Structure formats: C-alpha cells, structure tokens
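Taking it in order: structure first as structure tokens, then the write-up.
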Amino acid sequence: MSRSRRKAILGLSDLSIREYCPARLIMMARAAKVMAGARDQRAVRTRFASDALHQINGGTMLLSHRAELTPQMLQYADKFDDRGDIRWMPYLMYFHPPDHRSEVVNTDRLGFRISHGADEQASIGGCLPQSPVRLLVGSSTAFGIGATNDAATLASRLWSRHAPSAPWLNFAGRSHNSTQELLLFLLYRHLLPRVDEIVIFSGFNDLGLARLPKSQQGDHGAFFNCGQFFDQMGQLRDRQRREKSRFGSVGRRRSEPPEAASPEASAPPSLDEQIAHAVELTTRHLDSWRPLAEASGARLSYVLQPLATWVREERAPQEDLLFDELDAISNFGEVYGDIATMESGRRYSDELRQGCGKLGVPFYDMNPVLADAVSRDDWLFVDRIHFTDEGHDIVSGLLADMLSLS
C-alpha cells in the first residue's frame, strides 16, 4: 500500500465529505461567513454554493458540480468531518457535536441526530416517546450524511412515511465501525424506553478499515483517525520517557525512537483477508448484540448498506458529474481498491450472510434490492456511500418492505 493511500485511510473520518470540501473550499466558506455576519449566513451559503470554484489539473478553474448539486454537504463538512470540529470522546473516540443547529442537520444534547415523524420529533438525548421505539443503528449513511434536512434521513422517512406505527430513533455514529456501533448502544441504552426493533444498517466501514495493515488493527479492528491517535499516543509516550530520563538516576538509558514497522506488518492484506477480517468483526459484535436485543424484547436485523459501485455499473448523470469531480481530488478506487468492485461486494455479502445465519440473525443485502427498484436515471448518491433525499426515501421504503414493517 502506498504511503498516500495508507495516509488517506488512516487520517479520514469519512472520505467523501473530506473530498467534498478541501481546505480551499472550507477557507472560502468560513471567510464568507465571517464577512457577512450571522444575519446573512444563509444568503452567503446559497451564493457560495452557486459560485464556488475548485482548482484541478495545474490551475484550470471550473464550476464545482458538488457545490451546485449538493450544497448541503458544506454544512456537514464544517462540523461533521475531520477537517471540522471533531468532538473527541472517551471509549467511542469521537461523536457528533451536541446541540448543533442548522437548516441541514440538528443534534440533541448528546450529539444524536433528531428524527422526525409526521407530527413530532425525537432523539435519545432529547424528547423521547413513552411508547416502544425502533432503532436505526449504523455509521454515516444511517446518520443521514447527504440529506438536505433531518426529516429526509432514513430514520425520519421510516417514521413519517414507510413504517410509521412506532417512532424511529437515529442511533448512528458518523465514521463508526461495528465496535463503536455496539459501544454506542451500551453507553446510552439506559436512556431508552422499550425497544421493539433494532436494525443495523452498516457494513462498509469494517471492510474499508480492513484494508489497513495488521499493525493498525489491534484486537478489535482499526478505526478512522487511528493513525492520528497512534501518532499522538507515541509522542506522549516519548515525552514521558524523556521526563523520566531527565529526573532519573545518572546513566539511566534514554528512550529510543520506536522501530519502524516491518514491510510485512505494513503491507495491505489480500482481498480474502480483508473480507474475512471484516466478517469476523461484524459477526463477533452481532453475537453481543443478540442478548442485548433479547433482553430488550427487540427483533434484531442486519442490513448490508448500499455502495454505489455495488449497486450498479451505470450511474445517473448527476452521479457521473459528482464522482468524477471527487476522483479529481482523491481517487476512490486508489484508496479503497478492489473492495469497491461489484464482485467484491457480492463476495462480502455472501460471507456476511453465512455468518449471520450461524448466529440466527436475519441478514439482508440492500444492494441487489435497490438495483432492481431503480432505473439508471434515478439519482441516488451524493457520493459513493451517502444518499440524496430521493435515495433516502427509496431505500427507507425498500427497508420497510424487506423487514415487513408498517
């Protein structure tokens, strides 16, 4: 694995958001906000979305299709990716900012995104219904990155339209892997009313992180930003050693720089190893989800989330424009390589299905179901992993049908 590719995965929280808003665009957006003042921020965002430029190929300036087609992504980039304000957390590593307010995304006092029913709202750290609830668990796709507002997310569309008989809570954490998804439930389970449905809508992050070398995996798998974490912990360890050496006895051996990882330890795993590792982690954590769901009286289901390249080979015209522009900044295929192919998605799905079958956990693959439900011209994705509003609505409807929810 090249240094640039490894750094891209180690340092990213969500690739597509970081691609969407490189440093130049963020600086322009923030400067515009400061100059205009709070009263005119909305007008500035609209003007910026239509006029934003980006630089590629040695200086050619072009209109940004991302800013024109998906201006809401600037709101996510400012507070909900690693170039914005990361909220570092014990145990979880990171979570969303609390009490965030905007026309695109809003969170409660704990950082959970607010979901909308037809006439009410709910969240884990906000207003909670007294009746049994349903949980949508996952990472950034379940959180709703890409939606133009809270009411357009999967949890909200399920509650307001496709499966409205019980409230749905958004229990997702941006950039979380299956370990963090489980920890999030353990940490906040005590706040929940009775739960009768737990749907884990996930899968890509564990596979993407399995591309990292074994030296980054540990006992529970790699996580986004783990390179930054290990670097900082290494620097702290070295400082502590220097302090001990300074105040210790004469002749005490000074700390030595850490040894570089061997080529074998830093080499990317094979595709078979990546799939096996991701499936092992997922099923290991599902085995812990099972008794937790049973104790709550909840039905547990696992749904493999769609990836644009796992769904179809031909893309909608808007997706062509957006994906090409994203690839000019940070090539998706270079970072994620062979796991992004349709064949790899099918192999991963087959292995997950077998693992879930052994545990007795119902497994569903949304990729072929979504492919059969749409045409080439249906614009589903703002990037290869996150949905448009139409994509959220279509997928939530298919999810309700798939799980026989009303």
Side-chain angles (χ1 to χ4, degrees), residues 14-17 19-20 49 65-77 80-81 103-105 113 115-116 136-163 168 170 172 174-175 199-205 208 303-327 332 340 342 345 349 364-403 405:
D14 276 272
L15 171 70
S16 55
I17 302 177
E19 287 177 331
Y20 178 90
H65 296 298
R66 294 164 291 143
E68 182 179 14
L69 293 172
T70 57
Q72 73 273 18
M73 295 298 282
L74 290 170
Q75 294 273 1
Y76 292 108
F80 294 86
D81 88 298
E103 65 269 29
V104 173
V105 55
R113 190 167 192 173
S115 56
H116 289 239
L136 186 70
V137 177
S139 183
S140 58
T141 303
F143 176 77
I145 297 292
T148 60
N149 57 74
D150 298 325
T153 64
L154 293 176
S156 293
R157 299 309 292 159
L158 285 165
W159 185 10
S160 64
R161 181 180 181 187
H162 298 290
W168 285 84
N170 192 322
R174 179 195 61 81
S175 296
V199 178
I200 302 176
F201 190 86
S202 189
F204 180 73
N205 282 357
V303 181
L304 178 60
Q305 67 188 99
L307 183 72
T309 53
W310 293 348
V311 173
R312 59 189 179 186
E313 295 179 352
E314 292 187 347
R315 308 179 300 206
Q318 298 92 332
E319 292 169 358
D320 277 331
L321 295 173
L322 293 169
F323 296 178
D324 289 347
E325 193 167 298
L326 290 170
D327 287 343
F332 185 89
M342 190 171 291
S349 176
Y364 305 90
D365 184 352
M366 181 59 75
N367 289 276
V369 177
L370 181 58
D372 289 341
V374 299
S375 70
R376 178 188 177 277
D377 292 330
D378 288 319
W379 180 21
L380 303 175
F381 294 93
V382 299
D383 52 51
R384 289 178 175 86
I385 196 69
H386 303 118
F387 302 129
T388 61
D389 286 358
E390 181 182 6
H392 279 102
D393 190 60
I394 291 172
V395 170
S396 59
L398 294 173
L399 191 58
D401 292 341
M402 187 183 289
L403 300 177
L405 295 167

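Remember, it's a predicted structure, so these values are computed and weren't measured experimentally.
- Listed for the N367 side chain is a donor-acceptor partner under 3.5 Å among the backbone atoms of Q305.
- In this structure, CE on M342 lies 4.5 Å from CD on E313, to the nearest 0.5 angstrom.
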Evaluate side chain to side chain contact (heavy atoms under 4.5 Å, CB included) for H65 paired with D320, printing each intermediate quantity in order.
-> CA-CA 10 Å; H65 296 298; D320 277 331; over 6 Å; no

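- With S139 contributing its side chain and S175 its backbone, the two residues share a donor-acceptor pair below 3.5 Å.
- Residue D383 forms a side chain to side chain contact (heavy atoms under 4.5 Å, CB included) with just one option from E319, M73, E325, and that option is M73.
- Relative orientation of the F80 and F143 rings is tilted, given thresholds of 30° and 60° on the angle between their planes.
- Considering all non-hydrogen atoms of both residues, F381 and L307 come closest at CZ-C, 4.1 Å.
- Between the side chain of D378 and the backbone N or O of L380, no donor-acceptor pair lies under 3.5 Å.
- One N or O on the side chain of T141 and one on the backbone of I385 form a donor-acceptor pair closer than 3.5 Å.
- Between atom OG1 of residue T70 and atom CH2 of residue W379 there is a gap of 6.5 Å, rounded to the nearest 0.5 Å.
- Here D324 pairs with R315 under the side-chain contact (heavy atoms from CB on, under 4.5 Å) rule; sequence neighbours left out.
- The shortest side-chain heavy-atom distance between V369 and Y364 does not fall under the 4.5 Å cut-off.
- Within the 4.5 Å cutoff, the side chain of L304 has heavy atoms near those of the W310 side chain.
- For S156, the side-chain contact (heavy atoms from CB on, under 4.5 Å) criterion is met by S115, H116, T153, not counting sequence neighbours.
- H386 and I145 make their closest contact through CB-O, 3.2 Å (heavy atoms, listed as atom of the first residue, atom of the second, distance).
- In this structure, the separation between CZ on F323 and CD on Q318 is 10.5 Å, given to the nearest 0.5 Å.
- Among pairs with a residue in residues 392-403, those fulfilling salt bridge (charged side-chain N to carboxylate O under 4.0 Å, His left out) read R157-D393, R161-D393, at least two apart in sequence or across chains.
- Using a 4.5 Å cut-off on side-chain heavy atoms (C-beta onward), H162 and L399 make no contact.
- Between H392 and F387, the ring planes are perpendicular. Angles over 60° get that label, and only those under 30° would be called parallel.
- When every heavy atom of L158 is checked against every heavy atom of S396, the shortest pair comes out as CD2-O, 3.3 Å.
- Between the side chain of W168 and the backbone N or O of A163 there is at least one donor-acceptor pair closer than 3.5 Å.
- The shortest non-hydrogen separation linking A340 to T309 is O-OG1, 2.5 Å.
- Scored by the side-chain hydrogen bond (donor to acceptor under 3.5 Å, both in side chains) test, D389 finds T148 as partners (sequence neighbours excluded).
- For the pair G138 and A142, the tightest heavy-atom approach, listed with the atom from each and the gap, is CA-CB, 3.9 Å.
- Counting only residues at least two apart or on different chains, the salt bridge (charged side-chain N to carboxylate O under 4.0 Å, His left out) pairs with a member in residues 142-156 are R113-D150.
- Across all non-hydrogen atoms, the minimal contact from S375 to R312 is O-NH1, 2.8 Å.
- Remark: V104 pairs with Q72, Q75, Y76, S102 by the side-chain contact (heavy atoms from CB on, under 4.5 Å) rule, at least two apart or across chains.
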